[in-house]
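Throughout, numbering of the chain's residues begins at 1 and tracks the sequence. What you see is a predicted model, and the numbers here were worked out from it, not measured in a lab.
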Amino acid sequence: MSDGMRRGGRYDTIFYGAYAGNSTFDIRVRFDFKQKLNKKMLQKAANAALRWYPELAVTPVIKEGRVVFRQNRAPVCLAPDDGSLRYFGTEGEQGTNGYLFVFLCGERHLTFSLFHGLTDARGMINFIISTLCYYLSYVFPFMRLISTRSFEKFGVRLSDRIYYTMDDRERYDPLVKYAAEGKPVDLIDVERLFRMPAETFDPADHSCRLLNLELSNREFQAMTKRLKTSYAPLLAAITAEAIASLYDIEDKTISVVATVDSRKFFDTNSVANMAYNCPLPIEKKDLSLPMEELCKKIKADMQLQVTKENAQKTFSFILGQCDDIDNMGNIVDVNRFLSGPDGLKTLTTNGTVFLTYPGRVTNNRISQLLLEGVTPGMLAMERAIVVYAHRDSLIVQITQKSDDLTLINALRATLEKHGFSPKFHDMGRITQNIMDLERLETVDG
């Protein structure tokens with residue numbers, strides 16, 4: 001825009017329209033440190049890293065009924081991890097220095113909390129790694145002598161080189177750049193979709209309960225090799241088996257919705273939202289198959305959807321949803337309705353449960369020198385599962401709005417049935433930071 005503001009990616013419309021307000025999609029990752037956290041060095045590191053991610057250095061404002069971004073030059077927000085509620089994109093005591101993310105700091109840990117409308121898990125992780133690279137060099141000055149080029153091949157920015165390999169469309173709106181007409185693969189008959197009973201909770205309670213199962217990543221990887229499969233199909237199979245152990249699904253279909261990072265198809269380092277859903281159908285008869293055969297079926301269904309062509313068609317479908325939200329009117333009014341009592345009740349119309357596996361946090365020098373552990377967090381409007389691997393720790397986390405332990409107990413029992421020894425860690429109730437569009441500044445058209 002000529003006034004120095006720009007609209008975000010078209011995909012962002014879904015997050016601001018449907019997953020803000022009471023339904024804010026707050027994605028997180030927690031890092032436990034070997035030593036006491038040096039907040040002065042973390043502040044310096046986060047500010048340094050943000051220079052190479054101009055797409056994230058923004059404040060949202062409302063203009064002509066739409067969310068647009070204004071450049072933000074404030075220091076990155078570091079706040080105590082004390083359970084206080086923060087409002088993304090605002091300033092003041094409960095704000096985030098105008099940013100759509102915040103670093104929540106404890107004595108020996110930090111939790112990075114981000115509104116999903118800014119980026120997805122891959123973009124989030126890349127920015128955090130850049131920050132920790134700088135932090136490492138400030139805390140251990142001798143590390144400045146070691147080359148950081150190995151990080152750049154994964155899209156981690158430590159200079160402006162990666163940013164300037166892209167044009168504005170690729171940087172800010174990759175779905176528009178890469179979308180293609182056509183119908184994406186659809187394996188789910190929504191008339192036969194199994195849905196778990198709705199959770200019971202106080203809608204005014206801005207918190208989620210995080211429940212972790214920790215098991216040996218080495219043992220899980222060994223099972224994937226033995227079964228000739230990979231992580232996502234095996235995790236989906238175990239999840240479906242756990243759900244079927246709780247409920248008689250009859251002739252219904254359990255749909256475990258995995259997520260796909262589409263960047264690999266387009267060789268792009270964009271940090272705009274680019275992930276899309278990959279629903280994996282599992283029926284009662286499938287659960288009677290040997291695990292190797294079940295994983296083979298699930299993997300085949302994944303392979304139908306995890307292609308460049310399907311990503312492009314899915315992008316076109318997502319952009320159509322964005323058009324629908326835009327056509328409903330002022331984004332503030334639309335969000336008030338969609339996040340209200342008569343609005344959306346679920347993250348997806350074709351899924352039983354979400355399963356996000358961003359991948360392994362590799363055993364690099366950041367991990368070796370700084371970190372004891374890495375724990376995911378995805379605070380959303382309903383139950384979901386998110387999995388991280390760090391060294392020999394595989395964290396399988398259920399995030400939910402209620403205090404019901406039924407699903408985590410079933411998942412634990414299913415993992416034990418398959419020979420694992422998961423340790424249960426109740427992370428308690430975690431305050432969910434909020435994207436409240438009504439608190440954003442409105443600027444003249």
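In plain terms, the two heavy atoms of Ile325 and Thr13 that are nearest each other are CG2-CG2, 3.5 Å. Contact detail for Val68 and Met5: the closest heavy-atom pair is CG2-SD, 3.9 Å. The two atoms that bring Leu158 and Cys133 nearest to each other are CD2-CB, 3.9 Å, heavy atoms only. Here the closest non-hydrogen pair linking Cys278 and Val260 is CB-CG2, 3.6 Å. In plain terms, the two heavy atoms of Arg195 and Thr348 that are nearest each other are NH1-O, 3.9 Å. Closest approach of Leu193 and Gly351 over heavy atoms only: CD2-N, 3.7 Å.
Ring geometry for Tyr231 against Tyr357 counts as parallel: the plane angle stays under 30°, on a 0 to 90° scale with 60° as the upper cut.
Atom CG of Leu379 is separated from atom NE2 of His116 by 12.0 Å, given to the nearest 0.5 angstrom. To the nearest 0.5 Å, atom CH2 of residue Trp52 and atom CZ of residue Phe127 are 13.0 Å apart. For the atom pair CG of Leu394 and CG of Asp392, the computed distance is 9.0 Å after rounding to the nearest 0.5 Å. If you take CG on Asp81 and CG on Leu110, they are separated by 9.0 Å, rounding to the nearest 0.5 Å. How far CZ of Arg6 is from CG of Asp173: 9.5 Å, rounded to the nearest 0.5 Å. Residue Asn126 holds its CG atom at 10.0 Å from CZ of Phe154, rounded to the nearest 0.5 Å.
Side chain of Lys297 to main chain of Pro281: a donor-acceptor pair is present (N/O by atom type, distance under 3.5 Å, no hydrogens or angles). Side-chain atoms of Thr59 come within 3.5 Å of backbone atoms of Gly98 as a donor-acceptor pair (strictly under, hydrogens ignored). Put simply, the side chain of Tyr11 gets close to the backbone of Ala275: a donor and an acceptor are under 3.5 Å apart. Between the side chain of Arg86 and the backbone N or O of Gly95 there is at least one donor-acceptor pair closer than 3.5 Å. No donor-acceptor pair closer than 3.5 Å links the side chain of Ser245 to the backbone N or O of Ala410. Side-chain atoms of Asn212 never come within 3.5 Å of backbone atoms of Gln397 as a donor-acceptor pair (strictly under, hydrogens ignored). Between the Asn47 side chain and the Val76 main chain, a donor and an acceptor come within less than 3.5 Å of each other. Between the side chain of Thr24 and the backbone N or O of Asp26, no donor-acceptor pair lies under 3.5 Å. In this structure a side-chain-to-backbone donor-acceptor pair under 3.5 Å is present from Thr399 to Met378. At distances below 3.5 Å, not a single donor-acceptor pair connects side-chain atoms of Asn277 with backbone N or O atoms of Thr259.
The pair Asp205-Arg429 meets the salt-bridge criterion, with a side-chain N (NZ, NE, NH1 or NH2) lying under 4.0 Å from an Asp/Glu carboxylate O. With respect to Asp167 and Lys177, a salt bridge is recorded, a charged nitrogen being found less than 4.0 Å from a carboxylate O. By the 4.0 Å N-to-carboxylate-O rule, Glu283 lies close enough to Arg192 to be salt-bridged with it. Salt bridge Asp323/Arg10: present, at least one basic N to carboxylate O contact under 4.0 Å. Classification of Arg161 and Glu152 as a salt-bridged pair holds, one side-chain N sitting under 4.0 Å from a carboxylate O. Salt bridge status for Arg383 with Asp404: absent, with no side-chain N to carboxylate O gap under 4.0 Å. The existence of a salt bridge linking Glu199 and Arg209 is excluded, since no basic side-chain nitrogen approaches an acidic carboxylate oxygen closer than 4.0 Å. Using a 4.0 Å cut-off between a side-chain N of Lys or Arg and a carboxylate O of Asp or Glu, Asp120 and Arg263 qualify as a salt bridge. Taking the charged nitrogens against the carboxylate oxygens, Asp301 and Lys299 have no contact shorter than 4.0 Å, which rules out a salt bridge.
In this structure, Phe315 has its ring center at least 6.0 angstrom away from the ring center of Phe265.
The shortest distance between side-chain heavy atoms of Thr253 and Ile282 does not fall below 4.5 Å. Met291 places a side-chain heavy atom less than 4.5 Å from the side chain of Leu234. Contact annotation: the side chain of Cys322 approaches that of Ile14 to within less than 4.5 Å [non-hydrogen atoms, C-beta and beyond]. Taking 4.5 Å as the limit, every side-chain heavy atom of Phe15 sits out of range of all side-chain heavy atoms of Leu118. Put simply, the side chain of Gln400 reaches to within 4.5 Å of the side chain of Leu211, judged on heavy atoms. A heavy-atom distance below 4.5 Å is not found between the side chains of Leu213 and Phe420.
Both the sub-6.0 Å distance and the 45° axial angle are satisfied by Arg157 relative to the ring of Tyr53. A cation-pi arrangement, defined by a distance under 6.0 Å to the six-membered ring centre and an angle within 45 degrees of its axis, is present between Arg171 and Tyr163.
Considering Leu104, Val386, Leu210 in turn, Leu104 is the only one that fulfils the side-chain contact (heavy atoms from CB on, under 4.5 Å) rule with Arg28. For the ring pair (Phe, Tyr, Trp, His ring centres under 6.0 Å) with Phe115, the qualifying choice from Phe25, Tyr16, Tyr87 is Tyr16, the only one to do so. For the side-chain contact (heavy atoms from CB on, under 4.5 Å) test with Thr352, the passing option among Val257, Ile243, Val256 is Ile243; the others fail.
The environment of Asp251 atom CG is dense: over 12 non-hydrogen atoms of other residues, nucleotides or ligands sit within 6.0 angstrom. A 6.0 Å sphere centred on NZ of Lys417 holds no more than 12 heavy atoms belonging to other residues, nucleotides or ligands. In Glu292, the CD atom is crowded: over 12 heavy atoms of neighbouring residues, nucleotides or ligands sit closer than 6.0 Å.
Side-chain polar atoms of Asn310 and Gln305 form no donor-acceptor pair below 3.5 angstrom. Glu214 and Ser393 are linked by a side-chain donor-acceptor pair at a separation below 3.5 angstrom, with hydrogens and angles left out of the test. Between the side chains of Ser255 and Asn350, no donor-acceptor pair of N or O atoms lies under 3.5 Å. No donor-acceptor contact under 3.5 angstrom links the side chains of His206 and Thr431, judged on distance only. Checking Thr346 against Glu382 by side-chain atom types alone, a donor-acceptor pair falls below 3.5 Å.
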Going through the checks in order, is the salt bridge (Lys or Arg N to Asp or Glu O under 4.0 Å) test met by Asp286 and Lys284? CA-CA 5 Å; Asp286 299 326; Lys284 182 180 285 189; over 6 Å; no
Take Phe101 and Phe88 through the test ring pair (Phe, Tyr, Trp, His ring centres under 6.0 Å) and record every step on the way to the result. CA-CA 7 Å; Phe101 60 86; Phe88 291 119; 9.0 Å; no
Walk me through it: do Glu170 and Ser270 pass the test side-chain hydrogen bond (donor to acceptor under 3.5 Å, both in side chains)? CA-CA 6 Å; Glu170 184 177 351; Ser270 177; over 6 Å; no
Given Lys153 and Asp267, is the salt bridge (Lys or Arg N to Asp or Glu O under 4.0 Å) satisfied, shown in steps? CA-CA 11 Å; Lys153 67 182 180 181; Asp267 191 27; over 6 Å; no
Walk me through it: do Asn22 and Ser339 pass the test side-chain hydrogen bond (donor to acceptor under 3.5 Å, both in side chains)? CA-CA 6 Å; Asn22 290 330; Ser339 64; 5.1 Å; no
